[in-house]
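The structure appears right after this line, and notes come after that.
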Number of protein chains: 2
Amino acid sequence: MNLHFEPARADAIFFALGDATRRNILSRLMRGPASITELADHAAITKTAVGQHMALLQDCALAKSEKRGRVRTCRFDPAGLRTLQGWIDYHREEWTGRLGRLGEILDD
Amino acid sequence: MNLHFEPARADAIFFALGDATRRNILSRLMRGPASITELADHAAITKTAVGQHMALLQDCALAKSEKRGRVRTCRFDPAGLRTLQGWIDYHREEWTGRLGRLGEILDD
DNA sequence: CATATAGTCAAGTCATGACTTCACTATCTA
DNA sequence: TAGATAGTGAAGTCATGACTTGACTATATG
């Protein structure tokens, strides 16, 4: 089991996922790449707002994007979820280390 | 693999974990039960604030508590993390279903 | 070239939520 | 029983962050 994760990044990830609109955007990206305009339509907010959310999502590696011509293509980035999984595993370890129960329960 | 989770509860969990103070409290509780006063000292906030955080954490099954006499004993509740794990697994499935890559990457 | 399209930047609005204070109740203890 | 301790409820303060507008740049297309 890989228990490595960067706590600072985990913080940012929890903050990022704490917002429903960003989870909405992320869900959309998991189904495939999308432009800013597409994401704006999907989330019913302005392109500016999407840009702001994307900046945040990219900072914690939950998404990435590249611009070709005038259109920016946004994609889901699995690296962030890997960090999130690391956080869970780490704390599961902490919990099981003390009480030996979370592992069983999470694995049930 | 168990892909069941309640989306509404997942929302609440992400919101709850999006706050650093609540993650702090939760970390403390994973090391063992604590009173409101202990948690307040640990997080350097008032007991009232802790009570508010606890209400939130309990709503999404990340913590539980019971009052005996005048002291309320707070405990970590693994049910919430189980839901969080369910969310990850579900979206991993969604992603792998379309592109067949997140599974490998998360499992690396 | 003229117009439409895609996105970005700076600035500001507004709601939410984290936290406090103060007054209060309940329980414990000297 | 008097005083201390543990927590709760109501109400308000304050900062943050989600979002918008409007002006702007860059790219595409008739």
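Note that the structure is a prediction, hence the values are computed from the model and not measured. Proteins get letters first, then strands, A, B, ... in listed order; numbering begins at 1 in each.
For D/dC19, the OP1/OP2 oxygens have no side-chain nitrogen or oxygen of A/Thr46 closer than 4.0 Å. The side chain of A/His53 places no N or O atom within less than 4.0 Å of a non-bridging phosphate oxygen (OP1 or OP2) of D/dG17. Between A/Arg72 and C/dT8 there is a side-chain polar atom (N or O) within less than 4.0 angstrom of OP1 or OP2. Considering only side-chain N and O atoms, B/Thr21 lies under 4.0 angstrom from the phosphate OP1 or OP2 of C/dC19.
With D/dT8, C/dG7, D/dA18 as the candidates, the nucleotide lying closest to the side chain of B/Thr48 is D/dT8. When each of D/dG7, C/dA4, C/dT8 is scored by its nearest atom to the side-chain atoms of A/Arg70, the top-ranked nucleotide is C/dA4. Between D/dA18, D/dT20, C/dT21, one nucleotide has an atom nearer to the side chain of A/Leu56 than all others, and that is D/dA18.
Rounded to a whole Å, the NZ atom of A/Lys67 is 12 Å from the C1' atom of C/dT5. Rounded to a whole Å, the CD1 atom of B/Ile25 is 11 Å from the C1' atom of C/dA18. Computed from coordinates, the A/Arg22 CZ to D/dA18 P distance equals 4 Å when rounded to whole Å. Note: NZ (A/Lys47) to C1' (D/dA26) measures 13 Å, nearest angstrom. A/Ile45 places its CD1 atom 16 Å from the C1' atom of C/dA15, with the value rounded to the nearest Å. Rounded to an integer number of Å, the gap from CG of A/Asp19 to C1' of C/dT16 is 12 Å. Rounded to whole angstrom, the span from the CZ atom of A/Phe15 across to the C1' atom of D/dA18 amounts to 9 Å. The separation between B/Asp59 atom CG and C/dG17 atom P is 13 Å, rounded to whole Å.
Between atom OH of residue A/Tyr90 and atom CE of residue B/Met30 there is a gap of 10.0 Å, rounded to the nearest 0.5 Å. The structure places CD of A/Gln85 at 7.0 Å from CG of B/Asp89, a figure rounded to the nearest 0.5 Å.
Contact check for A/Thr73 versus A/Arg68: no side-chain heavy atoms found under the 4.5 Å cut-off. Counting heavy atoms from C-beta on, the side chains of B/Arg92 and A/Leu81 never come closer than 4.5 Å.
For the side-chain contact (heavy atoms from CB on, under 4.5 Å) with A/Leu57, the qualifying choice from A/Ile25, A/Leu17, A/Asp19 is A/Ile25, the only one to do so.
Helical stems in DNA chain D, defined as runs of 3 or more consecutive Watson-Crick or G-U wobble pairs with donor-acceptor distances under 3.5 Å: C:1-30 with D:1-30.
Of all the heavy atoms in B/Met54 and B/Ser65, the pair that sits closest is CE-CB, 4.1 Å. For B/Cys74 against B/Leu29, the heavy-atom pair with the smallest separation is O-CD2, 3.4 Å.
Judged by distance alone, with hydrogens and angles left aside, A/Gln52 brings a side-chain donor or acceptor within reach of the base of D/dT20, the pair sitting under 3.5 Å.
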